[in-house]
Amino acid sequence: MGSNIKDPLELPCGLVLPNRLVKAAMAEGLAEKKHLPGTRIFSVYEQWAKGGWGALLTGNVQVDVRHLGGYGDLATREYQGDEEDALNAWRKYANTCQQNGTPAIAQICHPGRQSPRGAGERGFFEKTIAPSEIALDIGNGLAATIVRNIVFGVPQAMSHFDIDRVIAQFVGCARILAQCSFSGIEIHAAHGYLLSQFLSEKSNTREDQYGGSAERRARIILEIIHQIRKAVPKTFCIGIKLNSADHSRSDFEDTMTQIRLFSEANVDFLEISGGTYEDPTMMGRGLQNETSDTENSRTQSREAFFLDFATETRKRFPKLILMVTGGFRTRKGIEAALKSGVCDLVGIGRPAVLNADFPRLMMDDDVYSDRQAQALFSKVPLPLLARLLKIRMLGGGAETQYFRAQIHRVAAGNAPQPP
Ligand SMILES: Cc1cc2nc3c(=O)[nH]c(=O)nc-3n(C[C@H](O)[C@H](O)[C@H](O)COP(=O)(O)O)c2cc1C
């Protein structure tokens with residue numbers, strides 16, 4: 001039942017991944033004018049295209065130019081007049097990734113209430129949008145409240161018109177990417193972004209057909225999946241990234257219900273991650289880790305962050321293709337996860353930034369011993385100010401910023417540096 005790193009994998013849509021190591025989505029912050037991909041991002045993916053990955057997941061591509069997750073995010077729009085140039089840029093992006101036969105899957109996203117002021121073409125004082133009018137909780141204390149109000153504000157609850165527009169934007173984005181030769185998309189419904197805000201009862205208190213039960217909170221995503229299916233070729237892959245939930249948590253069964261619905265909607269794979277801006281566990285920097293990590297900063301306390309949840313998901317949905325991302329650093333750890341059958345694919349984030357050839361390190365066992373086949377590096381130190389202000393998102397933010405800066409070094413032709 002288990003698999004090996006080097007085994008190819010055929011997804012339900014027919015797309016074949018040559019092995020089990022997927023470069024995880026990492027927002028590059030390298031968009032050129034009009035939020036399009038250009039030479040800088042191509043230089044980075046040129047390296048990853050040579051690395052021997054099973055698939056390259058792009059950093060998030062936003063579906064609405066008015067709401068970006070960060071200042072340099074890529075985004076699609078309904079192109080008018082400038083269509084040819086725009087489509088050529090997207091085509092070149094897909095071709096750069098896929099020049100050596102590695103499939104490229106673009107992650108598509110709407111940040112919802114996690115869109116900082118000034119990121120995107122909406123007016124500076126215009127509100128973010130979310131299922132309900134509930135502000136982010138980024139920490140206790142006055143400083144956190146002030147930062148939250150200045151940076152994010154309180155979102156506006158979405159009307160049905162807004163919901164229909166967002167669904168159309170996801171579908172439009174997927175259609176453009178399919179037209180431009182990407183092998184698939186992944187719907188970003190994790191890390192506290194808009195679709196994850198819909199899934200969670202904490203951020204979705206709606207009483208209409210998009211809220212009120214686990215099923216109804218998943219409805220917007222199911223509509224997006226169904227409409228994308230109609231708009232793209234059958235061979236185009238549609239994956240989804242979701243947050244895990246703790247067995248002990250009340251929302252665990254709700255999450256399992258939602259996974260059942262996505263599985264019934266025939267998603268090609270489910271990527272399991274975790275965390276939000278409020279509690280960045282995807283970086284190994286959640287509420288618990290932030291206080292007690294000093295003596296153990298060169299090693300991870302556990303090889304992977306979300307395997308327990310994957311184990312439970314696997315038991316209930318044995319046919320669903322599962323990818324787990326977060327914390328994998330060694331050949332031994334990756335092999336153990338795959339061989340045990342807990343997951344089919346392993347997502348690799350930060351180690352992929354430091355070493356674009358990470359798959360060779362893992363797979364060339366004639367060249368690299370098990371002891372050599374690992375990527376260990378320190379945590380990015382948390383700035384003193386962040387610790388004093390007690391703003392939780394700054395732990396994950398420090399990791400993201402550091403690694404994004406390394407992606408920018410690669411874009412400029414320099415070697416990345418470990419923290
Ligand atoms: C610079 C950077 C940008 C990221 N951007 C995204 C993103 O756009 N979409 C996403 O789903 N996850 C994003 N992540 C999270 C990664 O996909 C991954 O879940 C996380 O880094 C944990 O995996 P790792 O321990 O292998 O790094 C980002 C991570 C980093 C370091």
Side-chain angles (χ1 to χ4, degrees), residues 21-31 41 44 48 53 55-63 68-75 105-111 114-115 119 185-196 239-244 269-277 280-286 289 299-307 323-330 333-334 337 343 345-355 358-359 362 374-380 393 395-411 416 418-419:
L21 294 176
V22 177
K23 188 236 108 195
M26 285 176 285
E28 306 83 5
L30 285 173
I41 209 164
V44 181
W48 277 321
W53 294 89
L56 297 179
L57 263 167
T58 71
N60 52 202
V61 174
Q62 304 295 346
V63 301
L68 302 186
Y71 301 98
D73 273 357
L74 298 183
I105 298 172
Q107 184 184 63
I108 63 178
C109 181
H110 191 304
Q114 290 188 164
S115 176
I185 51 101
E186 178 188 61
I187 297 168
H188 195 351
H191 299 172
Y193 292 113
L194 182 66
L195 299 180
S196 142
I240 186 166
K241 184 165 185 170
L242 287 187
N243 274 8
S244 61
F269 69 88
L270 164 67
E271 179 183 356
I272 295 171
S273 180
T276 61
Y277 281 11
T281 53
M282 67 289 218
M283 297 296 182
R285 310 247 5 189
N289 298 349
T299 53
Q300 304 293 325
S301 51
R302 276 197 313 138
E303 171 84 13
F305 308 149
F306 307 113
L307 273 184
M323 166 169 161
V324 178
T325 301
F328 285 101
R329 300 292 180 262
T330 68
I334 294 170
C343 59
L345 294 165
V346 165
I348 304 290
R350 287 161 287 178
V353 175
L354 300 179
N355 180 3
F358 182 85
M362 295 298 119
Q374 52 179 328
L376 295 183
F377 47 88
S378 306
K379 270 188 181 178
V380 174
M393 63 181 275
E399 289 285 329
T400 308
Q401 269 176 28
Y402 180 89
F403 281 90
R404 184 163 303 143
Q406 303 318 302
I407 295 177
H408 290 196
R409 280 182 63 83
V410 177

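Just follow the structure's listing: the first ligand is 1, and inside any ligand the first atom is 1.
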Nearest protein heavy atom with distance in Å, relative to [atom]:
atom: atom 20 (C) of ligand 1; value: Met282 O, 3.7 Å
atom: atom 26 (O) of ligand 1; value: Gly349 N, 2.8 Å
atom: atom 9 (N) of ligand 1; value: Gln107 OE1, 2.7 Å
atom: atom 1 (C) of ligand 1; value: Thr400 O, 3.4 Å
atom: atom 5 (N) of ligand 1; value: Ala27 N, 2.8 Å
atom: atom 23 (O) of ligand 1; value: Gly326 CA, 3.4 Å
atom: atom 18 (C) of ligand 1; value: Thr325 CG2, 3.7 Å
atom: atom 29 (C) of ligand 1; value: Met283 CE, 3.2 Å

Say whether [X], considering both its backbone and side-chain N or O atoms, lies within less than 3.5 Å of an N or O atom on ligand 1.
X: His188; value: yes
X: Glu399; value: no
X: Ala24; value: no

Check your understanding: With a distance cut-off below 6.0 Å to the six-membered ring centre and an angular limit of 45° from the axis, does Lys23 pair with Trp53 as a cation-pi contact?
Key ->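 Not satisfied by the 6.0 Å and 45° rule.
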Exercise for review: Write down the atom of Phe269, the atom of Glu186, and the distance for their closest heavy-atom approach.
Suggested key: CE1-OE2, 3.3 Å
Check your understanding: Which pair of non-hydrogen atoms, one from Asp73 and one from Leu68, has the smallest distance, and what is that distance?
Key -> OD2-C, 3.9 Å
What distance separates [X] [atom1] from [Y] [atom2], expressed to the nearest 0.5 Å?
X: Ser273; Y: Asn243; atom1: OG; atom2: CG; answer: 6.0 Å
X: His188; Y: Ser196; atom1: NE2; atom2: OG; answer: 8.0 Å
X: Lys241; Y: His191; atom1: NZ; atom2: NE2; answer: 4.0 Å
X: Met323; Y: Leu57; atom1: CE; atom2: CG; answer: 5.0 Å
X: Thr58; Y: Ile108; atom1: OG1; atom2: CD1; answer: 9.5 Å

Check your understanding: Between Glu271 and ligand 1, which part of the residue brings a heavy atom under 4.0 Å of the ligand: side chain, backbone, both or neither?
Key ->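 Neither part.
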Practice item. Start with the C-alpha distance between Leu354 and Phe403, add both sets of side-chain angles, then the distance that settles side-chain contact (heavy atoms from CB on, under 4.5 Å), and finish with yes or no. Key: CA-CA 8 Å; Leu354 300 179; Phe403 281 90; 3.8 Å; yes
Point to revise | Contacting atoms of ligand 1, where contact means under 4.0 angstrom from a heavy atom of Lys241 | key: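 This gives 10 (C), 11 (O), 12 (N), 17 (O), 19 (O) as the contact atoms.
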Exercise for review: Just jot down the ligand 1 atoms closer than 4.0 angstrom to any heavy atom of Arg350, in number order.
Suggested key: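 Selected atoms, number and element: 21 (O), 22 (C), 24 (P), 25 (O), 26 (O), 27 (O), 31 (C).
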Check your understanding: At a 4.0 Å cut-off, with the gap strictly under it, does some heavy atom of Glu186 reach an atom of ligand 1?
Key -> no
Point to revise | Test of ring centre spacing under 6.0 Å for Phe377 and Tyr402 | key: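 No; Tyr402 has its ring centre 6.0 Å or more from that of Phe377.
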Practice item. May I ask which of Ala25, Gly70, Ala375, Gly59 has a heavy atom nearer to atom 28 (C) of ligand 1 than the others do? Key: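 Nearest heavy atom to atom 28 (C) of ligand 1 lies in Ala25.
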